[in-house]
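First comes the structure, then the notes that go with it.
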Amino acid sequence: MYNTGMSASPLPRDFYDRPVLDVARGLLGARLVRMEEGRRLSGWIVECEAYRGEEDQACHARRGRTPRTAVMYGPAGRAYVYFTYGMHWMLNCVTGPEGFPAAVLLRAVWPAEGRAVMAERRKGQPFARWTDGPAKLTQALGVDGALNGADLCSPAAGLWIEPALTAPEAQVVTGPRVGLGKTPEPWVSLPWRFRWTADLDGGQP
DNA sequence: AGCACGATTAACT
DNA sequence: GTTAATCGTGCTC
């Protein structure tokens with residue numbers, strides 16, 4: 001449907017311009033690519049979470065449109081990158097339709113290209129810890145606030161997602177989103193976290 | 001102007 | 001299991 005073959009072009013706008021839960025599921029196995037200064041860094045997406053609408057009390061847009069959340073109200077296929085805990089950057093993909101705030105938080109990837117750079121940026125950490133958290137993957141791939149609002153459907157900004165692998169349904173697990181603190185029910189328990197449980201490596205690169 | 005808190009991480013007991 | 005790090009955001013005064 002979205003070309004899982006050898007193509008190396010960014011996923012099209014139509015991929016993102018769908019309900020956020022569908023996009024989140026569809027991103028498992030896709031390849032997150034960061035191009036910087038001619039070098040290519042990438043990883044296969046293995047975990048992500050959906051945030052949907054102003055009624056979702058876990059979504060940043062619960063307070064409505066603000067300077068920070070404006071990107072979530074924009075067109076599908078753009079990056080929503082935000083800063084938190086005074087030190088961490090988080091990367092999301094905005095989904096459709098335009099005017100409705102929704103996004104997918106990328107929580108974990110499995111390192112593919114550019115491992116030497118990731119190892120340097122994640123110095124002191126073992127391979128399995130390079131990109132297994134939302135702030136870890138942005139650090140390893142060099143994603144920060146300069147990319148907020150970037151168009152993921154074009155290679156121009158140096159950040160996009162390509163079709164790559166397809167996560168078999170039997171290996172996809174859903175569950176509650178992580179780290180929601182005092183978010184009330186039912187939002188805190190909704191199974192809007194998607195994880196590909198494949199043992200891609202058996203623990204080794 | 002002041003404040004509490006956060007879609008986290010790493011280090012520690 | 002606990003906790004410090006560290007600062008932008010958005011709310012309340």
Side-chain angles (χ1 to χ4, degrees), chain A residues 16 19-28 30 32 34 43 45-74 76-96 100-111 117-150 152 159 161 172-196:
Chain A
Y16 299 100
V20 67
L21 295 174
D22 294 342
V23 175
R25 169 64 182 86
L27 283 174
L28 293 180
L32 173 65
R34 173 78 175 116
I45 297 170
V46 294
E47 184 183 339
C48 60
E49 290 174 349
Y51 289 85
R52 189 179 79 183
E54 297 179 349
E55 66 277 6
D56 176 2
Q57 291 303 293
C59 182
H60 287 166
R62 65 186 176 279
R63 304 289 187 189
R65 186 175 188 138
T66 67
R68 182 173 69 151
T69 62
V71 177
M72 292 180 78
Y73 288 79
R78 303 237 271 238
Y80 166 44
V81 183
Y82 71 91
F83 186 65
T84 191
Y85 290 104
M87 63 194 90
H88 299 306
W89 293 102
M90 307 282 181
L91 172 62
N92 299 251
C93 313
V94 173
T95 67
F100 181 83
V104 178
L105 170 69
L106 302 186
R107 289 198 60 91
V109 303
W110 197 70
V117 174
M118 296 187 204
E120 174 60 26
R121 289 176 175 169
R122 300 285 302 136
K123 194 166 54 177
Q125 301 296 324
F127 176 80
R129 300 281 90 80
W130 287 354
T131 55
D132 66 334
K136 299 180 191 180
L137 72 87
T138 57
Q139 184 189 351
L141 295 182
V143 174
D144 65 20
L147 287 162
N148 188 40
L152 300 174
L159 182 69
I161 301 173
V172 174
V173 170
T174 62
R177 294 169 293 182
V178 180
L180 301 190
K182 58 185 177 65
T183 300
E185 296 287 0
W187 317 106
V188 73
S189 296
L190 294 173
W192 288 0
R193 178 189 188 205
F194 296 79
R195 201 158 50 95
W196 185 7

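By convention in this document, chain letters (A, B, ...) are assigned in the order of the sequence lines, proteins followed by strands, and residues within each chain are numbered from 1.
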Original post:
Mind checking the C1' distance from B/dC5 to C/dT3? Whole angstroms is fine.
Top reply: 16 Å
Original post:
Taking CE from A/Met87 and P from B/dA7, how many angstroms apart are they, rounded to a whole number?
Top reply: 14 Å
Subject >> Check: A/Tyr80 and A/Leu91 side chains under 4.5 Å, non-hydrogen atoms >> reply: no
**OP:** Using a strict cut-off of less than 4.0 Å between a Lys/Arg side-chain nitrogen and an Asp/Glu carboxylate oxygen, indicate whether A/Asp22 and A/Arg25 qualify as a salt bridge.
**Re:** no
Subject >> DNA chain B contacts among residues 58-70 of chain A, heavy-atom distance under 4.0 Å >> reply: A/Ala58, A/His60
Subject >> Candidate list A/Asp56, A/Val20, A/Leu105, test side chain to side chain contact (heavy atoms under 4.5 Å, CB included), partner A/Trp192, passing option >> reply: A/Asp56
Subject >> From B/dT8, B/dA7, B/dA10, nucleotide with atom closest to A/Leu180 side chain >> reply: B/dA7
**OP:** Take the protein atom CG of A/Leu106 and the nucleotide atom P of B/dT8, then report the distance between them rounded to whole Å.
**Re:** 13 Å
Original post:
Between B/dT8 atom P and A/Asp132 atom CG, what is the distance in whole Å?
Top reply: 13 Å
**OP:** Any chance you could encode DNA chain B as dot-bracket? Rule is Watson-Crick or G-U wobble with both distances under 3.5 Å; [ ] for pairs crossing earlier ones, | for another strand.
**Re:** ||||||.|||||.
Original post:
Less than 4.5 Å apart, any side-chain heavy atom of A/Ile45 and any of A/Leu106?
Top reply: yes
Original post:
Tell me, do A/Val143 and A/Leu32 make a side-chain contact under 4.5 Å, heavy atoms counted?
Top reply: no
Subject >> d(CZ, A/Phe83; P, B/dA7) in whole Å >> reply: 13 Å
Subject >> Heavy-atom pair with the smallest gap, counting every atom of A/Tyr16 and A/Cys93 >> reply: CE2-CB, 3.9 Å
Original post:
Rounded to the nearest 0.5 Å, how far apart are CZ of A/Arg52 and CG of A/Leu21?
Top reply: 5.5 Å
Original post:
With no hydrogens and no angle check, is any side-chain donor or acceptor of A/Arg65 less than 3.5 Å from a backbone partner on A/Tyr73?
Top reply: no
Original post:
Quick check: does any side chain N or O of A/Thr69 sit under 3.5 Å from a backbone N or O of A/Gly64, one acting as donor and the other as acceptor?
Top reply: yes
**OP:** Mind calculating the distance between CG (A/Leu91) and P (B/dT8) to the nearest angstrom?
**Re:** 14 Å
Original post:
Mind checking which nucleotides bracket the chain A contacts on DNA chain C, 5' to 3', with an atom under 4.0 Å from a heavy atom?
Top reply: C/dA5 to C/dC11
Subject >> Nearest non-hydrogen partners of A/Cys48 and A/Leu28, listed with the distance >> reply: SG-CD2, 4.3 Å
Original post:
So what does A/Gly179 hit on the nucleic acid, given a heavy-atom distance under 4.0 Å: a base, only sugar-phosphate, or nothing?
Top reply: sugar-phosphate
**OP:** Verify ring pair (Phe, Tyr, Trp, His ring centres under 6.0 Å) between A/Tyr51 and A/His60, making sure each step is shown before the conclusion.
**Re:** CA-CA 8 Å; A/Tyr51 289 85; A/His60 287 166; 7.2 Å; no
**OP:** Ignoring backbone atoms, establish whether A/Arg122 has a side-chain N or O less than 4.0 Å from OP1 or OP2 of B/dA10.
**Re:** yes
Original post:
So what does A/Met90 hit on the nucleic acid, given a heavy-atom distance under 4.0 Å: a base, only sugar-phosphate, or nothing?
Top reply: sugar-phosphate
**OP:** Provide, to the nearest angstrom, the distance between the OH atom belonging to A/Tyr85 and the P atom belonging to B/dT8.
**Re:** 5 Å
Original post:
Expressed in angstrom and rounded to an integer, what is the separation of A/Glu49 atom CD from B/dT8 atom C1'?
Top reply: 12 Å
Subject >> Side-chain heavy-atom pair A/Met118, A/Leu141 within 4.5 angstrom cut-off >> reply: yes
Subject >> B/dA4 to C/dA4 separation - P atoms, rounded to the nearest Å >> reply: 16 Å
**OP:** For A/Lys182 and for A/Leu137, find the nucleotide of DNA chain B with the closest heavy atom, then tell me which residue's nucleotide is more 5'.
**Re:** A/Lys182
**OP:** Quickly work out the A/His88 NE2 to B/dA10 C1' distance and round it to whole Å.
**Re:** 8 Å
